[in-house]
Number of protein chains: 2
Amino acid sequence: MVRVGLTTERLVRAGAELADEVGFDEVTVSALARRFDVKVASLYSHVRNSQDLRTRIALLALEELADRASEALAGRAGKDALTALANVYRDYAHEHPGRYAAAQLRLDPETAAASAGVRHARMTRAILRGYDLAEPDRTHAVRLLGSVFHGYVSLELGGGFSHSAPDTDETWTRVLDALDALLRTWPAV
Amino acid sequence: MVRVGLTTERLVRAGAELADEVGFDEVTVSALARRFDVKVASLYSHVRNSQDLRTRIALLALEELADRASEALAGRAGKDALTALANVYRDYAHEHPGRYAAAQLRLDPETAAASAGVRHARMTRAILRGYDLAEPDRTHAVRLLGSVFHGYVSLELGGGFSHSAPDTDETWTRVLDALDALLRTWPAV
DNA sequence: TAATTTGCCTAAATCTTTTAGGCAAATGCA
DNA sequence: TGCATTTGCCTAAAAGATTTAGGCAAATTA
């Protein structure tokens, strides 16, 4: 009996790759077992169940995204920082569509609170230090940025913008210009 | 043998209700059969397979959304129209989370082209007639609006904005204010 | 009323998820 | 080095989901 060397870590990593290849919805315990050429039941020593596997992939994606983001933000401020963060999300989604979909998985509150999700929130807030916004407008702006980043990327990935000129890169640039302008002149109540 | 009176129409409608109750991901041919107290195989006369069922639910949701939107837009222009359309999406998502999730299903190009999705695109474009935007900025703006609407609603629904003041209704209002201001003063290249 | 169509059935194959229990390889300790 | 323990992967098996094939009875039409 040859041991393949399964660990939770390796399974989750392979699951993330599988997600990028065939889509997050197609990530199943069986498919993962096939990939390791191992019986399905063997995975259940490392992963509680199917849902657990998916959650772990989501957490991995959130970590990776947060790592990229914090690196991209180092030394940048203002529009420079805004663009950098936005591109981290978009690039990651293009490179790793399955992982990106995983990152959207609804987590239960405790799990979410312990996840890298909180780092994301902090980083978006940090960007706004370059603009002159007091609470509660700062929070409104955080939510707007999150919505645009997530919304744009997921529509683009879902093909919502396809089959029409101008190309999406150009729109993306102009959208970031517009957001920057908006944040600089945020309308008073 | 008592006939329940299954039709594709009824199945899809019931599937949509099921989605709202238990989530779109949990919509399965088996669950639907249980709901009609009928054997699973009986559904396969009306629906090609599981994927077909899900696609049909998505198309239904897109139709319903487009109908609501076109009704809401009648007689409105400018910010009034912007707010009305935005609220149609948000309200629908809150009332019918499962259907809304279904509307996000990735459709193959031909299906998408034949769906109510094109009405949505037209309506968003129509709103921008109230603002002074020439192409390609109008397209950029259409995409921005789509991103914000979809992004905001899906983050809100996914709990991304929970556990923090100010409440999401207030943010929503302010985000729409901000978008209106942005469209009125869209930055030149 | 007879012929046809339609609606739901049983049966059966295949696949996924999950639990329980077991043997052998790797590891820790004397 | 030898033995005990832990760990990794196994077989077996149950339960649910998906899908196809073929059949009978009810509803519809002629």
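To find a chain, count down the sequence lines: A is the first, B the second, and so on, and within it residues start at 1. Only this structure's heavy atoms are used, side chains among them; waters, hydrogens and symmetry mates stay out.
Straight-line distance from the CG atom of A:Leu43 to the C1' atom of C:dT16: 12 Å, rounded to whole Å. The nearest whole Å value for the distance from the CD atom in B:Glu26 to the P atom in D:dA17 is 10 Å. Rounded to an integer number of Å, the gap from B:Asp25 CG to D:dA17 P is 15 Å. With rounding to whole Å, B:Arg54 atom CZ is found 13 Å from D:dA17 atom C1'. Rounded to whole Å, the distance from OH on A:Tyr44 to P on C:dG21 is 18 Å. If you take CG of B:Asn49 and C1' of C:dC15, they are 15 Å apart, rounded to a whole angstrom. Atom NZ of B:Lys39 is separated from atom P of D:dC24 by 19 Å (rounded to the nearest Å). To the nearest angstrom, C1' of D:dT19 lies 14 Å from CD of B:Gln51.
In summary, A:Arg99 and A:Glu63 do not engage in a salt bridge, as defined by a charged side-chain N under 4.0 Å from a carboxylate O. Checked for salt-bridge contact, A:Arg68 and A:Glu95 meet the test: a charged N lies under 4.0 Å from a carboxylate O.
A cation-pi arrangement is present between A:Arg54 and A:Phe24, with the terminal nitrogen or guanidinium carbon under 6.0 Å from the aromatic centre and inside a 45° cone about the axis.
Close to D:dT18, at under 4.0 Å from its OP1 or OP2, lies a side-chain N or O of B:Thr28. Taking side-chain N and O atoms only, A:Arg34 has no distance below 4.0 Å to OP1 or OP2 of C:dC15. The phosphate of D:dG16 (OP1 or OP2) has no side-chain N or O of B:Ser30 nearer than 4.0 angstrom. Dashed line: the shortest gap from a side-chain N or O of B:Ser45 to OP1 or OP2 of C:dC8 is not under 4.0 Å. Look at B:His46 and you won't find any side-chain N or O under 4.0 angstrom from OP1 or OP2 of C:dT6. Put simply, A:Ser42 has no side-chain N or O that comes within less than 4.0 Å of OP1 or OP2 on D:dG8.
Residue contacts for B:Ala31: at a heavy-atom cut-off of 4.0 Å it reaches no nucleic acid atom on any strand shown. Within the nucleic acid shown, A:Val4 comes within 4.0 Å of sugar-phosphate atoms alone, with no base atom in reach, counting heavy atoms only.
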inquiry  = ring pair (Phe, Tyr, Trp, His ring centres under 6.0 Å), that's the test. Do A:Tyr89 and A:His120 meet it? Break it down for me.
reply    = CA-CA 11 Å; A:Tyr89 285 116; A:His120 289 280; 5.7 Å; yes
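Annotation: side chain of A:Asp67 is in contact with side chain of A:Arg119 (closest heavy-atom distance under 4.5 Å).
The B:Leu6 side chain lies nearest to C:dC8 when the options are D:dA17, C:dT16, C:dC8. In this structure, the nucleotide among D:dC9, C:dC8, C:dA11 sitting nearest to the side chain of A:Val38 is D:dC9.
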